[in-house]
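Worksheet: the structure to be examined is printed underneath.
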Amino acid sequence: MTRIVRHPPGKVRPRSAPMATLEARHVWRRVRRFFLVHWHHLTIKLEARRDTTRPKNWRRWFSYTNAIRVVWLILLTALLAWAAEGLWILFTHHTTAFEQWRRRSSTGFDSVLRFVGPLLAASVAAAFFLFFWYSWSKRRYVAKARKHPRKLVLTAGPDMAEIVGREEVARVIAQRLRQRETRRPYLLVGGVGTGKTAVLVRLTELLARQHAVPVPIRLRDATGADLNFERMARQRFAEEAPHGILARTKSDRIWQQLLADDKVVVIADGLEEAILDERFQEDRDNIIRRAIERAHEEKLPLVIASRPHSPLESTPAAIVELEPLSEESALHFVEARVPETDERRVDWIVETAEVTESPIYLQIARELHHHGDLERVRPRNDKDRLDTRSWDRSTLRLWLLETWAHAMSDGRLREDVELSPRERKDTVEVVSALACIGLLQDKLEVGFAELLDSDVHPGPARRTRAQADHLRTRARRFDRYGKRGNTFSEWHRERIWNTLCEHLSKEEREHLAKGNMGQCQAALARFAAHADKLQLVESFEKRVRFPHSIIQAYFGFRMLQYLKERSAGELVQQALQPPGPSRELLIALVLLSRDRAVEQSARGGSIGAEVHKYWDERVRQAPVYGRTMADRLFTAANRRTDDPKALDLYAAALEIDSMEPRPQLLGDIVAEVHKRWCAIKGDRRTLEDAKLGLLKQLGTALRAVSEKTDTMQLYDHLFQIGKAERSYAVRLAAAQEFGSGGTDAFAVIRDRIGLNNDPVREYNKRVSRLRARKRNAYQHWTERMRNARADSGFSREEIYRLQEDRRKIKRNYREARIKLFREFVMRAWMIPMLLGSVDDAHRDEARDRLTKWLRHLDPKYTHGPPTCRSPWKPRWPRASSSRPTAANAIPTRTRGAEPI
């Protein structure tokens, strides 16, 4: 039977109402729903934006310049109204009340008109400028910055692509610069290839969208002693502003109006290239500091990109350090707009090659991936084939660069450039020769005259003289304090020129061999123009500039690759002396070692090939044949005094020697680094970056040679380095590299620390020994002081000497306590890391050692919650507590703090 539900749940019977009001009620319901929906959307937006920083436009409604605009607008309105009145009287023949009043008081009105008349006439010109010419010019420039920011930033390479992960940095800087009251210059600090220029490009676009006027400048153009960011920006704006016939005379006035409106934002790139003239080197830091302080005093919005440099910390600028991108962002950037992707292979390349450290590798990987070359499957006998699962970071980076260069030469990249494969290959060879010259002299710009010199075809006498000059330079004694001499001589030029001619096509080789100076310069200019089309360099009339230092390092490596290891070592020997070498040259030398390692591995297979490879390696390392590249770098580093550049040389030597089948110098390099670790001096930022880079490479090298040689002693050196280091970040990096060392590193812990040792008890026992030693030293010192005072003939100098001995006792005790504290902190850091890196045979023992540390954090074991105490004046638990806690002996500290 049908069941009637009179009161369904959730349903409400509408109230009774007259039928005549039905249409009115429907209309009201629709209107109410319309307003409720919009109110609901509005409240959601307000809640979403409450905690979100929104980019605001660069508009200041209440300012002096806006008040002037209002005055000129009022005067213009009065003038137009008066003119309209005259026209109305002229055509209607009727007078107005204002005209009647003017006739009655003609004398007074004429006096006022003499004063106001010029202002009314000037209001026409001022209003035309402010409301038409100024707005039109600014609008044209801002549109250019918004649509083509890469063209506006001169330092941006032609292949600069969008970089992910930097959007927040650009937005925060744009917001802070807008606030005039708290405005200060901003310094974007990052190493080679960290994406500083990419951030500036994005910042230029973002500021233009907010109606500001970003003016990018290139600090390499600043050569004088008077560095002025505002003057350089004015010149740059005059170059990029609309170039009409009338605009040329208005640019200065437009610039002054932009400054008055607070619209200008100066974006400067390449501070490390500014003021490189040797005449100003001693005062260079002061010049840069004064320029930044002047911009800060003038409230000029300023953003500067620079490599790390400690003197910048003393400026009033806010320093923003660019960290490497995350691997997730890098993987998303590489795989963007590619539907079919081998994610495992691409992810492995991104992770192993560490492409996040330099966006240039991200751009290359993305470009190769879009053209299918990143996943191209090659046969096993192909010389360009690379197994990405068997090589290290530098080898994968070399493979990326080599694949990119081959695709460029074959025409798979830059297909829109109408050049044959032969022309592309010849262009790459010429660029390689110019890049090698730039690496030897540590500069990005290279002129054609440096490759051609005064005589492109020298005779036998000149070649003999060049060889003799080179031999004299080699025999000259190494000057560790002075200059390195001539790093690029006639001998270097001849070697590079001859190598270039050997690898060009037959037609171009004959053309250069028979041509005169003018013809050779024309040929180089033609190749430079081709390279500019291929977006490899920036071509000028008689020189080229490399847009990125890593690209220059790779092309320079190509020339060194043709010369082979020993000849390349002779070529770069002078460049290794102070104040060089550049990091780009060290990158090229590391790539050279990886190329040789890949070539050696490809020659294996049969027994005959292995025997031939073995004897070639023995001949290569023979002293008669010459010195290896690692030996040259190691020797150059040992000759340095306390220069942080020595750490870069040691790191490059480690990276090269670790690829040898039998490393010869690894133990000597690590021992020398341990010996000189505390003696290396320099500004804090440069020294810390060099130490972090060296520790990272040291850990990588020790893991790479663990199957070739015994690394236990080398890990002990690494542990001692970590104990002696004062910087928290560097000490943590040493612990991380040690913790990744696996069984060999764990053997050092087993050898130094017994299995049954309790870490807290051991720490307390060693502290007690230090205190007893200090107590005995104080007792001996007190006896000496008592005897000195009892002696009637004691002198004041002897008392001063005894007081100095007392301070020395206290200082030695303090240093010993600090070293002890660092040692136990290092052990506490490394034990959990070693648990994940040791093999299965030692994992249980590593877990037991970690348990001994962790149980001191257990309230059941410590009879109460752990408390943090100072390591300098520890407060031990009360007598009721049978054991001291781990937190009492090894407390947590803030970053960078040292025990007092």
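What you are looking at is a predicted structure, and each value in this text was computed from that prediction instead of being measured.
Between Leu401 and Ile364 there is a side-chain heavy-atom pair separated by less than 4.5 Å. Put simply, the side chain of Arg220 does not reach to within 4.5 Å of the side chain of Leu444, judged on heavy atoms. With contacts defined as side-chain heavy-atom distances shorter than 4.5 Å, the pair Ile267/Val153 does not qualify. Residues Leu259 and Glu230 form a side-chain contact, since some pair of their non-hydrogen atoms from C-beta on lies under 4.5 Å apart. Taking the side chain as every heavy atom from C-beta outward, Thr315 and Leu187 approach each other to under 4.5 Å. Between Glu205 and Arg209, the closest side-chain pair of non-hydrogen atoms falls below 4.5 Å.
Partners of Lys144 under the side chain to side chain donor-acceptor pair (under 3.5 Å) rule, at least two apart in sequence or in another chain, are Glu240. Take Asp226 and apply the side-chain contact (heavy atoms from CB on, under 4.5 Å) test, not counting sequence neighbours, and it matches Arg231, Arg294. Looking at residues two or more places apart in sequence or on another chain, you find a side chain to side chain donor-acceptor pair (under 3.5 Å) between Thr686 and Asp683.
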- Message: Run Glu450 and Lys443 through salt bridge (charged side-chain N to carboxylate O under 4.0 Å, His left out) and show every step you take.
- Response: CA-CA 12 Å; Glu450 299 176 59; Lys443 59 182 184 180; 3.0 Å; yes

- Message: Between Leu188 and Val169, is the side chain to side chain contact (heavy atoms under 4.5 Å, CB included) condition met? List the steps.
- Response: CA-CA 10 Å; Leu188 284 176; Val169 176; 4.3 Å; yes

- Audit row: Arg218, Glu445, salt bridge (charged side-chain N to carboxylate O under 4.0 Å, His left out) steps and yes/no: CA-CA 14 Å; Arg218 183 173 53 189; Glu445 286 192 5; 5.8 Å; no

- Task: Quick one: do Phe555 and Leu434 satisfy side chain to side chain contact (heavy atoms under 4.5 Å, CB included)? Show the steps, please.
- Result: CA-CA 8 Å; Phe555 283 120; Leu434 296 174; over 6 Å; no

- Step by step, work out the side chain to side chain contact (heavy atoms under 4.5 Å, CB included) result for Val430 and Leu524. CA-CA 8 Å; Val430 173; Leu524 292 182; 3.8 Å; yes

- Message: The test is side chain to side chain contact (heavy atoms under 4.5 Å, CB included); show your working for Leu258 and Tyr141 and say whether it passes.
- Response: CA-CA 12 Å; Leu258 288 173; Tyr141 181 89; over 6 Å; no

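Atom NE2 of His296 sits about 11.5 Å away from atom CZ of Arg183, to the nearest 0.5 Å. We find the CG-CZ distance between Asp426 and Arg526 to be 8.5 Å, quoted to the nearest 0.5 Å. Distance CD/Gln552 to CD1/Ile587: 10.0 Å, rounded to 0.5 Å. Distance check: Arg180 CZ to Leu300 CG gives 9.5 Å after rounding to the nearest 0.5 Å. Here Leu177 contributes atom CG and Gln210 contributes atom CD; the two are 10.0 Å apart, rounded to the nearest 0.5 Å. Remark: Leu219 CG to Met232 CE distance equals 5.5 Å, nearest 0.5 Å.
A salt bridge does not link Asp689 with Arg685: every distance from a Lys NZ or Arg NE/NH1/NH2 to an Asp or Glu carboxylate oxygen is 4.0 Å or more. Checked for salt-bridge contact, Asp283 and Arg290 meet the test: a charged N lies under 4.0 Å from a carboxylate O. The pair Arg558-Glu429 meets the salt-bridge criterion, since a charged nitrogen lies less than 4.0 angstrom from a carboxylate oxygen. Electrostatic pairing of Glu168 and Arg171 does not count as a salt bridge here, judged by no charged N lying under 4.0 Å from a carboxylate O. Under a 4.0 Å N-O distance rule, the pair Glu272/Lys196 does not qualify as a salt bridge.
No side-chain donor-acceptor contact under 3.5 Å links Arg424 to the backbone of Asp410. Without hydrogens or angle criteria, Arg284 side chain to Ala274 main chain gives a donor-acceptor distance under 3.5 Å. Without hydrogens or angle criteria, Arg236 side chain to Pro216 main chain gives a donor-acceptor distance under 3.5 Å. Here the side chain of Arg184 pairs a donor or acceptor atom with the backbone of Pro316 at under 3.5 angstrom.
What you find for Ala529 and Ser539 is that their closest heavy atoms are N-OG, 4.0 Å. Smallest separation of non-hydrogen atoms from Ala407 and Leu368: CB-CD2, 4.5 Å. Arg307 and Ser549 get closest at one heavy-atom pair: NH2-OG, 3.9 Å. The shortest heavy-atom contact between Val537 and Ala528 is CG2-O, 4.2 Å. Taking every heavy atom of both residues into account, Leu591 and Phe557 meet most closely at O-CE1, 3.6 Å. Scanning all heavy atoms of the two residues, the minimum distance from Asp442 to Glu584 falls at OD1-OE1, 4.4 Å.
Under a cut-off of 6.0 angstrom, the local environment of CD in Glu418 is sparse, with at most 12 non-hydrogen atoms contributed by other residues, nucleotides or ligands. The environment of NZ in Lys147 is sparse: at most 12 heavy-atom neighbours from other residues, nucleotides or ligands sit within 6.0 Å.
Using a 3.5 Å distance cut-off with no hydrogens or angles, the side chains of Thr155 and Asp269 do pair a donor with an acceptor.
The aromatic rings of Phe527 and His530 sit perpendicular to each other, their planes meeting at more than 60°, with 30° as the lower class boundary. Aromatic ring orientation, Tyr554 versus Trp404: perpendicular (interplanar angle above 60°, classes split at 30° and 60°).
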